[in-house]
Amino acid sequence: MAGAGSSAFFSVAIVSLMKLLSDDYNRTINYLRLSITDRCNLRCRYCMPEEGVELLGHGDLLTYEEILRIIEVFARNGISKVRLTGGEPLVRKGVVDLVKGIAVIAGIRDVSLTTNGVLLAEYAGALAGAGLRRINVSLDTLKPERFAYITRRDKFKEVWAGIEAALSHGLQPVKVNVVVIHGFNDDEIKDFARLSLAYPLHVRFIEYMPMGHGEEWQNKEVIPSAQIMEEIRELGELRHGSHEENDGPAQRYYLAGGQGEIGFISPISSHFCTQCNRLRLTPEGRIRTCLFSDEEIDLRGQLRGAGTAEQIEEALHQALRAKPEGHRIGDIRFKKCQRGMHAIGG
Ligand code: SAM
Ligand code: SF4
């Protein structure tokens, strides 16, 4: 077993050589959420208006070369996990090559993607081959007619086929993200929980957050995770799952006898900002320090003005210094952010 021992030694050596990034509140920042487009092929009512939104011009988007350059510098400084998101990341041409390019950057240990699943059946195999490990598919209802109402597009069949394709191509785990909204889809909580019994899916219930651009958010529409858990317990014992490094703020559980898991992301009922490990990069190259803060640092200007790696590094450190201690939802000082989720990358 000398091989196993020496590879363990090298892993320890590499980890100890890697830089650790931390912010002013001693949080280790190792995760980048990268939004590659503000375009989307759905119009979820809580995220985008029916007519769509004013879109960035193609020349405004970071090119893939620019993205790879940024990630190389970030990875040298301690970012090890990257999640592609949008808008809908699978609508941007060449996304598989981008995944391939990111996956081989030294220091990047994990590449994942969040998608609405509409194009996933087409892309799952190529994404897995390109080095994507895990995938999150957003799905707020299991009823095709309701899906058409929520998203304003009749694409349920395509999304479900995408989930099946992701499972069959070995993406692991396949997470199904459900935003639970009162009077919208809260009657399907148990149906979603049952998915984790029948399939090796990780179903994650997400509290509805106040973001720009969708239909007006109201506090009374939020279903707190504790209430969701109560309901799921009617199906059986909800046992604690193990907590892994990639979990971020999700609390993990499983139903006895289930093939999959059930998770809860509770930005409203339990502030998890002390565990925040991420930065975001918008499609036009602005580092965003917090989902709820409109404070952004422009990287595109630097790149196009022949910025050096040192300048990109300096922008990264500026972002860390600007990262707020927490969001202020529920506080009188809270201001809803200007951008919609589609323009930031959820
Ligand atoms: N289009 C892709 C998708 O839907 O998965 C990626 C981008 S989308 C903005 C990322 C996630 O943000 C989705 O799971 C979506 O449901 C979630 N989201 C959007 N608006 C939200 C809100 N106000 N509260 C909670 N989650 C939201
Ligand atoms: Fe598009 Fe995702 Fe927003 Fe739905 S949640 S409109 S799929 S970006």
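Fair warning: this is a prediction, and the values are worked out from it, not measured in the lab. Counting starts at 1 for both ligands and their atoms, in listed order. Throughout, residue positions are numbered sequentially from 1 according to the sequence presented.
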D140 contact mode with ligand 1 (heavy-atom cut-off under 4.0 Å): neither

Ligand 1 versus T114: contacting region, heavy-atom distance under 4.0 Å: both

Give the atoms of ligand 1, by number and element, whose distance to some non-hydrogen atom of [X] is under 4.0 Å.
X: E207; result: 25 (C)
X: T85; result: 6 (C), 7 (C)
X: E88; result: 1 (N), 2 (C)

Heavy-atom nearest option to [atom], drawn from [options]:
atom: atom 4 (O) of ligand 1; options: S138, P89, C44, C40; result: S138
atom: atom 7 (S) of ligand 2; options: L139, V91, N116; result: N116
atom: atom 1 (Fe) of ligand 2; options: S35, C40, G52; result: C40

Residue C44 vicinity, atoms of ligand 2 by number, heavy atom under 4.0 Å: 4 (Fe), 5 (S), 6 (S), 7 (S)

Donor-acceptor under 3.5 Å (R288 side chain, L281 main chain): no

Backbone or side-chain N or O of M209 under 3.5 Å from ligand 1 N or O: yes

Under 3.5 Å: N/O of Y208 near N/O of ligand 1: no

Check: Y208 ring centroid to F184 ring centroid under 6.0 Å: no

2.8 Å cut-off met by an N, O or S atom of C47 to atom 4 (Fe) of ligand 2: no

Mark yes when over 12 heavy atoms from residues, nucleotides or ligands other than [X] sit less than 6.0 Å from its [atom1]; otherwise mark no.
X: E54; atom1: CD; value: no
X: D154; atom1: CG; value: no
X: H317; atom1: NE2; value: yes
X: K155; atom1: NZ; value: no
X: K157; atom1: NZ; value: no

Aromatic ring pairing F147/F156, orientation class (parallel under 30°, perpendicular over 60°, tilted between): perpendicular

G87 near ligand 1 by a heavy-atom separation under 4.0 Å: yes

E237/R239 salt bridge by N-O under 4.0 Å criterion: yes

